[in-house]
2 protein chains.
Amino acid sequence: MNMRAIALRAGVSSATVSRVINGSPLVKERTAARVREVLSEVNYIPNPSATTLKYGRSKTYGLIIPDISNPFYSGFLGEFEELLLEVDHDVLFTSAQTTEKLVKAVRRMLMRQVDGAVFMGSEFETREIEPLFLHKIPLVTIDRRSVQAGCSDVAIDFELGYLQAVQHLQELGHKRLGYIGGTEGLRTSRIRQHAFEAALTKTGLRLHENLMRIGDYRVPGGEAAVRSLMEEKAPPTAILTANDLTAFGAIRGLHSLGLSVPKDMSVVGVDDVFLSEVMQPPLTTIRIPRRRMAEACVQALHQMKENVDRRGSRFSVAAQLIVRESTARVFKQKP
Amino acid sequence: MNMRAIALRAGVSSATVSRVINGSPLVKERTAARVREVLSEVNYIPNPSATTLKYGRSKTYGLIIPDISNPFYSGFLGEFEELLLEVDHDVLFTSAQTTEKLVKAVRRMLMRQVDGAVFMGSEFETREIEPLFLHKIPLVTIDRRSVQAGCSDVAIDFELGYLQAVQHLQELGHKRLGYIGGTEGLRTSRIRQHAFEAALTKTGLRLHENLMRIGDYRVPGGEAAVRSLMEEKAPPTAILTANDLTAFGAIRGLHSLGLSVPKDMSVVGVDDVFLSEVMQPPLTTIRIPRRRMAEACVQALHQMKENVDRRGSRFSVAAQLIVRESTARVFKQKP
DNA sequence: CTGTTAGCGCTTTCAA
DNA sequence: TTGAAAGCGCTAACAG
């Protein structure tokens, strides 16, 4: 049931039907009413591929994430899809752990003529992403902290969150804080670590170089790191991490060493993923506001659509501490 | 850079380019080689909306799920997307908790001319899904246990899984088994409960009507149900549930009552979601093989594409017990 | 073996 | 205020 069929039934031309559907003011109200009547009678379903073919606009935004099984990303996808639904757009979802998959994902974006894309996760792989710029696809990156023509960035401000976390631990009597960071070489890993270090400086706590470890944003990395951390002569009394999965790994590692959280060790995560409050113990974590991230992405995308050649904008969403039960008063002070 | 441009550079017509791209045997190898050369030189990107417009085929499959924050669904999405990538198809992802959203989701499927759709989760809402049948869109349902023209079903076989779980508990000395089911009125809730009851029968254990509760497939439902369960004069020594989130809720409820899992109570989940082995305690659960589910869906979809009017097929994937640490020998037998 | 051409459904000039 | 028509890129039928 296409526009011509509608036009036929309404006794007008398909151009008029198109005008009515797109709310053009040029149509006489009487005519428009007749068309609308037919429209609802026959349950007309528009065919966007015609418009896409003609104008290269698809009412679709791409989303590239490294791994949907990470609940942080699936949570974001949920928010993103919900927002796009409101503005009548679809999402082209792709996961891209490897470079090879990323290349394919980018190609799919191009083929489907997405009106823009959000690129999350692993380091910005310039070479693979290049085609998006060439084809003037508006792009939003997360926490890359850099913008360019047709490319905006949504930064996650960790400063406040880590500061709150460190202050919280300080109030509980902790002095020796350990840190398990994210994968080496990622900008967001450096940013998180800097935020942690800045928090130490602000609170006057000492930075113990030997209590710093590298993780992988996943459970195994956190677990391995915490084991290494506990081999120190003077291990920390509390550990901050780069994300919740790392914190879960740390907690698991501690349990396997016969230690209890938060009795023997306090642990703080980052993200506040689904289930983090259901964990035992419920995780104290620095929440990244996924909804606001998604809102910023949509806003950035819309904004860039106006003029792809203009330099993109910077957005920022602030992470905040959520205190639950994985942190507690320090048990025994090392002298 | 479209086919005509390629044709121009290769000194052929766009029809020949099309034939080369689609692997037609009609093209002389020498010509084909020249075209292929140009193709890779200029990095040609096909425009599927032209094909979609012409033939109504989109190389896209729809996926309708109730809630992406449930890790079972995001896990499935990951598998599904990965499989579709291999066969060069995209996924149109929609979440549809409410009837209103479901209607919109179905409309989007129709607009985007999906080649088929997978409908997961809540009860089959016939009225809302109807348009998919009208438009002859191949459909796959999950555990609806019923097929029709253009509609296949992937059943989840819980019988073995629940039997293994009950046997496992029996071996640990448990006799009073509680059950927290899924939302009332859903077919899959009845199926799971029947599988549990059948397992009791087979193992010769008694079914305690007063130890049966209703959950909601989410954490709060499990928590509320377990509290109610523990108010019984003779509470169970082990609890089986309808899914992992329910089990997590149950464990949380037990903890808040000062009980320990598995020391005071054994708990068994269903799904084996991401993080269920990271939970404290790691969850003993009846794993639903998501990968094989996704494979069955893709197979069903492909199969129905051949002939939409033929009655769909039934597939079945078997759930299996994964023993971890939320189950243990019964502590104190009630006399 | 290769080229020409029609037409998928839509929107937007341009003409009336 | 409305209609006619072109054209987006692709593929298959048909012609050569």
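Taking atom CE on A/Met3 and atom C1' on D/dA4, their separation rounds to 16 Å, with Å as the unit. The CE-P distance, from A/Met1 to C/dC8, rounds to 15 Å in whole Å. Going from atom CG of B/Asn47 over to atom C1' of D/dC8 covers 8 Å, rounded to whole Å. Distance CD (B/Glu29) to C1' (C/dT2): 15 Å, rounded to an integer number of Å. Straight-line distance from the NZ atom of A/Lys54 to the P atom of C/dT12: 8 Å, rounded to whole Å. To the nearest angstrom, C1' of C/dG9 lies 7 Å from OH of A/Tyr44. B/Tyr55 places its OH atom 11 Å from the C1' atom of C/dA6, with the value rounded to the nearest Å. Rounded to a whole Å, the CZ atom of B/Arg112 is 14 Å from the C1' atom of C/dG9.
Distance from the side chain of A/Leu26 is smallest for D/dT1 among the nucleotides C/dT2, D/dT1, D/dG3. Considering only side-chain atoms of A/Leu53, the nucleotide from C/dC10, D/dA12, D/dC8 that sits closest is D/dC8.
Salt bridge status for A/Arg145 with A/Asp153: absent, with no side-chain N to carboxylate O gap under 4.0 Å.
Nearer the 5' end of DNA chain D, as judged by each residue's closest nucleotide, is the contact made by B/Ala50, out of B/Ala50 and B/Arg19.
Applying the 3.5 Å distance criterion, the base of D/dT1 shares no donor-acceptor pair with the side chain of A/Lys28.
The phosphate of C/dG3 (OP1 or OP2) has a side-chain N or O of B/Thr16 nearer than 4.0 angstrom. Phosphate contact (OP1/OP2 of D/dT11, side-chain N/O of B/Asn22, threshold under 4.0 Å): present.
The two atoms that bring B/Met120 and B/Phe76 nearest to each other are SD-CD2, 3.4 Å, heavy atoms only. Of all heavy-atom pairs spanning A/Val140 and A/Ala300, the tightest one is CG2-CB, 3.8 Å. The two residues A/Met109 and A/Leu63 have their closest heavy-atom pair at CE-N, 3.9 Å.
Using modelled atom types, one finds a donor on one side chain and an acceptor on the other under 3.5 Å when comparing A/Thr188 with A/Asp143.
A/Thr31 comes within contact range of the sugar-phosphate backbone alone, with a heavy-atom separation under 4.0 Å but no base atom that close. At a threshold of 4.0 angstrom between heavy atoms, the contacts of A/Ser18 include nucleobase atoms, whether or not backbone atoms are also involved.
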